[in-house]
K.L.:
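What follows is a structure written as structure tokens; I'll ask about it next.
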Amino acid sequence: MGLCKYLNAKAWLASLALLTLASATLEAKPLTEPVLRLGTDRHTAPVKSLSTDASGRQLLTASYDKTARVWDTSTLESIRTLRVPIGPNMEGRLLAGAINPEGRQIAIGGTLGGADRVVQRYLIPL
């Protein structure tokens, strides 16, 4: 169990470092019109990242459907859906995610879109 916690902590720090390095200093322009978003109980596009807490009770998935979900591994039910700002095309697609070993915070990152494909990161408490 100690090795599992150590490896999960290293994965958490590595994911956070990658998200930080990939982030640019450009600011996104706010959308002027609303964007329709459908709510479902599952992902509707490919999942790009999986991560669990040290106990294996929570699973985080990040998807091209512009959502991240926290799942209860014992029931396989989604217990929380996280939505980042979205826009047309690739804007808002999530590329990576990690949950910290204690299961109290997650880091997710994805694109803001445009020609530069700026990456944005989010740290969210659970």
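These numbers come from a predicted model, not from an experiment.
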K.L.:
Closest heavy-atom contact between M90 and T111?
P.N.:
O-OG1, 2.6 Å
K.L.:
So which atom in R42 and which in R69 form the shortest heavy-atom distance, rounded to 0.1 Å?
P.N.:
O-NH2, 3.2 Å
K.L.:
Does V70 belong to the same Ile/Leu/Val/Met/Phe/Trp/Tyr cluster as I108, with side-chain heavy atoms less than 4.5 Å apart forming each link?
P.N.:
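Yes, one cluster joins them.
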K.L.:
What's the shortest heavy-atom distance between S63 and A45, and which atoms?
P.N.:
OG-O, 3.1 Å
K.L.:
Looking at Y64 and L95, what are the two nearest heavy atoms and their distance?
P.N.:
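Looks like CE1-CD2, 3.6 Å.
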K.L.:
Kindly compute the distance separating CD1 (I124) from CD (Q105), expressed to the nearest 0.5 Å.
P.N.:
9.0 Å
K.L.:
Hey, mind stepping through I86 and R93 against side chain to side chain contact (heavy atoms under 4.5 Å, CB included) and telling me if it holds?
P.N.:
CA-CA 8 Å; I86 66 169; R93 275 188 174 181; over 6 Å; no
K.L.:
List the atom of P125, the atom of R80, and the distance in Å for their closest heavy-atom pair.
P.N.:
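Nearest pair, atom of P125 first, then R80: O-NH1, 3.1 Å.
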K.L.:
Where the side chain of K66 meets the backbone of G87, is there a donor-acceptor pair that is under 3.5 Å apart?
P.N.:
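Looks like yes, one N/O pair under 3.5 Å.
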K.L.:
Linking I/L/V/M/F/W/Y whenever their side-chain heavy atoms sit closer than 4.5 Å, directly or via other members, would V84 and L82 fall into one cluster?
P.N.:
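Linked, V84 and L82 end up in one cluster.
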K.L.:
Roughly how far, to the nearest 0.5 Å, is CG of L76 from CD1 of I79?
P.N.:
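Atom-to-atom, I79:CD1 and L76:CG are 11.5 Å apart.
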K.L.:
Does T73 use its side chain to pair, donor to acceptor, with the backbone of R57 at less than 3.5 Å?
P.N.:
yes
K.L.:
With no hydrogens and no angle check, is any side-chain donor or acceptor of T67 less than 3.5 Å from a backbone partner on T81?
P.N.:
no
K.L.:
When you measure from the side chain of D53 to the backbone of E102, do you find a donor-acceptor pair of N or O atoms at a distance under 3.5 Å?
P.N.:
no
K.L.:
Any idea which heavy atoms bring L50 and V47 closest together, and the distance?
P.N.:
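Answer, listing the atom of L50 first, then V47: CD2-CG1, 4.0 Å.
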K.L.:
Is it possible for you to say whether I99 and Y122 belong to one hydrophobic cluster, with membership spreading through side-chain heavy-atom contacts below 4.5 Å?
P.N.:
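Linked, I99 and Y122 end up in one cluster.
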K.L.:
Quick one: does S49's side chain have a donor or acceptor within less than 3.5 Å of a partner on G97's backbone?
P.N.:
yes
K.L.:
Can you tell me how far apart OG (S74) and CD (Q58) are? Round to the nearest 0.5 Å.
P.N.:
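If we round to the nearest 0.5 Å, S74:OG and Q58:CD are 10.5 Å apart.
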K.L.:
Output the distance between atom OG (S51) and atom CG (L59), rounded to the nearest 0.5 Å.
P.N.:
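If I round to the nearest 0.5 Å, the distance is 7.5 Å.
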K.L.:
Going through the distances and angles, do L60 and W71 end up as a side chain to side chain contact (heavy atoms under 4.5 Å, CB included)?
P.N.:
CA-CA 6 Å; L60 172 70; W71 304 84; over 6 Å; no
